[in-house]
Protein chains: 2
Amino acid sequence: MRIPAPNNTPVANEEVLFQHVQFKTGQRIHTIGQPFEMLYVVNSGFLKTVMIDELGNEQVLSFPMKSDLLGVDGIHSKFHTSEAVALSDCDLILVPFKKLTALGKTYPELEHAMYGVMSRELVREQAMICMLGTLSAEGRVARFLVSLSDRFSQMGYSHRIFNLRMTRHEIGSYIGLTLETVSRTLSALHEIGWISVDQKTIEIKDLNALRNLRRLPTAKARKEKKTAAAVAAAMSRQQQNAGQAASL
Amino acid sequence: MRIPAPNNTPVANEEVLFQHVQFKTGQRIHTIGQPFEMLYVVNSGFLKTVMIDELGNEQVLSFPMKSDLLGVDGIHSKFHTSEAVALSDCDLILVPFKKLTALGKTYPELEHAMYGVMSRELVREQAMICMLGTLSAEGRVARFLVSLSDRFSQMGYSHRIFNLRMTRHEIGSYIGLTLETVSRTLSALHEIGWISVDQKTIEIKDLNALRNLRRLPTAKARKEKKTAAAVAAAMSRQQQNAGQAASL
DNA sequence: CGATACCTTGATTCGTTTCAATAATCGTGG
DNA sequence: CCACGATTATTGAAACGAATCAAGGTATCG
């Protein structure tokens with residue numbers, strides 16, 4: 001859940017108004033069942049949010065990073081229904097919800113921004129539901145990579161090369177696959193030359209191909225063609241008349 | 001997205017403040033790309049909301065009914081990203097967003113209620129993501145039925161017997177399955193006696209079993225045991241130490 | 001440096017989709 | 001009112017994709 005970078009809003013001096021807190025890798029920002037009091041804006045670092053189902057299985061819901069908003073799930077019931085964990089050392093801005101709503105009265109733009117942020121998160125989750133409901137394993141992994149690329153790019157980092165801060169298991173949980181399938185799919189995308197994978201380092205080589213990906217040729221079909229390059233060429237031909245993919 | 005029934009809020013006379021509109025079965029309330037101006041509260045009737053992906057496939061996102069809120073997806077980008085279709089004749093309350101935010105300033109409770117509603121919808125969608133990421137076909141269908149049962153019950157209707165207003169295809173789209181799998185799963189649940197299915201009429205016979213369902217015995221295993229009753233008994237034994245299932 | 005967590009890859013199994021054929025239901029107009 | 005076509009639902013058989021089981025390899029952290 002991204003919020004606008006501090007700009008010309010009436011509360012641009014939020015660094016003064018709101019306290020910061022640091023969390024170390026592995027620390028929990030809030031836990032399931034904990035009373036809701038604060039929202040948190042990520043100032044730096046990487047996190048995950050997870051739900052725990054009846055059997056104790058973790059399900060990853062999001063990977064918040066700089067300028068994303070945390071803790072909104074607690075507004076409704078006054079208790080958090082998910083937990084947030086730091087995947088790296090983090091610096092978070094504390095936003096007491098009471099204070100926020102109070103400020104909203106004097107600064108209508110702030111209130112409006114909150115509606116916007118929550119609405120956007122709703123739309124993002126809808127896209128997620130759509131993906132989980134319709135896409136194959138390859139499509140999910142591809143969209144996940146594209147989404148990361150877009151977000152890193154928005155943060156001013158390279159959209160071509162980046163490090164995954166999460167494990168294959170966490171990725172799989174996020175996009176509804178097993179860690180083995182994630183690993184295999186990354187290898188397949190590597191094999192056809194759309195990305196390059198070295199452990200947690202990802203290099204995107206053909207972002208458009210990833211954006212438009214619906215289904216990959218089978219491993220058997222790939223072996224029949226001799227070179228990865230030939231397959232890649234065939235794929236891009238096949239995809240020329242595919243519409244612009246919706247962003248994750 | 002349910003909103004509180006009109007009670008002692010300062011805007012309890014919403015019937016006066018806000019206009020009603022009727023929609024006939026099949027009519028669209030709003031379409032994708034349409035400029036956002038209004039929210040809609042369902043006063044009566046049943047609807048579906050859908051996204052259309054790049055290839056023109058419909059994906060069902062929700063089945064709003066009485067007291068649910070429609071159109072929130074448009075707040076963020078000022079355009080609707082989904083469309084809402086009436087599955088039966090409907091009566092909707094029009095809520096111009098401008099008017100709502102204006103009223104929010106004089107009635108802080110209203111503004112707070114909006115945050116609550118949006119937060120709840122966020123949590124609901126998270127549960128949906130969790131379901132799509134982890135549950136088998138049987139689990140999904142079971143949760144879908146439980147969810148409908150709960151909602152009908154909240155609306156004062158029977159939680160035991162109700163009519164599905166949507167097709168198997170729409171159900172499948174909603175929970176990420178093909179219509180054939182939905183049909184087969186309903187038949188299987190019927191066979192073991194947890195529900196009774198006759199076309200669109202569903203009778204829930206064992207709500208708790210449905211709530212706790214994770215996986216059904218295979219059709220082969222079911223045939224080995226002679227009677228459906230024996231299987232049902234085995235299943236409930238197997239489920240006695242399952243925790244309370246989270247509601248959809 | 002050793003222990004542990006994480007990743008890759010292969011073989012096999014299992015569940016869901018796909019394809020296909022039949023049946024039931026609904027709405028509509030003769 | 002019934003016949004008609006169209007939509008919706010059921011069921012079976014086969015194909016496919018992802019999960020599971022299993023083993024070996026590689027990074028990471030104390």
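All of these numbers come straight from a predicted model, not from anything done at the bench.
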Taking 4.0 angstrom as the limit, do Glu58(A) and Lys48(A) come out as a salt bridge? yes
Report yes or no: does Thr185(A) contribute a side-chain atom to a donor-acceptor pair with the main-chain N or O of Thr181(A) at less than 3.5 Å? yes
Report which part of the nucleic acid Gly176(B) touches: base, sugar-phosphate, or nothing (heavy-atom distance under 4.0 Å, all strands). sugar-phosphate
Specify the separation, in whole Å, of atom CD1 of Ile202(B) and atom C1' of dA9(D). 12 Å
State whether the distance check finds a donor on one side and an acceptor on the other, under 3.5 Å, for side chain Arg184(B) versus base dG15(C). no
Check ion pair Asp150(A)-Arg211(A) (N to O, under 4.0 angstrom): yes
Between the base of dT9(C) and the side chain of Arg168(A), is there a donor and acceptor pair under 3.5 angstrom? no
Using a cut-off of 4.0 Å on non-hydrogen atoms, how would the nucleic acid contact of Thr181(B) be classed: base, sugar-phosphate, or nothing? base
Whole-Å distance between dA18(D) P and Leu132(A) CG? 13 Å
Rounded distance [0.5 Å steps], CD in Glu125(A) versus CE in Met131(A): 12.5 Å
Heavy-atom nearest nucleotide on DNA chain C taken for Val182(B) and for Ser183(A); more 5' hit belongs to Ser183(A)
Can a donor-acceptor pair under 3.5 Å be found between the side-chain atoms of Glu180(A) and the base atoms of dC21(D)? yes
Got a donor-acceptor contact below 3.5 angstrom from the Ser88(A) side chain to the Phe46(A) backbone? yes
Axis deviation across the helix from dC1(C)-dG30(D) to dC26(C)-dG5(D), five-pair ends, to the nearest 10°: 50°
Leu164(A) CG to dC7(C) C1', in whole Å, measures 12 Å
Lys200(A) vs dC7(C): side-chain N/O to OP1/OP2 distance below 4.0 Å: yes
Do Asp91(A) and Ser44(A) have side-chain atoms, one donor and one acceptor, less than 3.5 Å apart? no
Using a heavy-atom cut-off of under 4.0 Å over every strand shown, decide if Leu179(A) touches base, sugar-phosphate, or nothing. base
Test item: Thr167(A) side-chain N/O and Glu170(A) main-chain N/O as donor-acceptor pair under 3.5 Å: yes
What is the distance, to the nearest angstrom, from the CD atom on Glu170(A) to the P atom on dC7(C)? 9 Å
Considering just the side-chain nitrogens and oxygens of Ser187(B), establish if one lies under 4.0 Å of OP1 or OP2 belonging to dT11(D). yes
Can you tell me how far C1' of dA9(D) sits from CE of Met166(B), to the nearest Å? 16 Å
Whole angstroms only, please: what is the CG-P distance between Leu135(A) and dA18(D)? 11 Å
In whole angstrom, give the distance that lies between atom CD of Gln199(B) and atom C1' of dT10(D). 9 Å
Distance, rounded to the nearest Å, where Leu177(A) contributes CG and dT20(D) contributes P: 11 Å
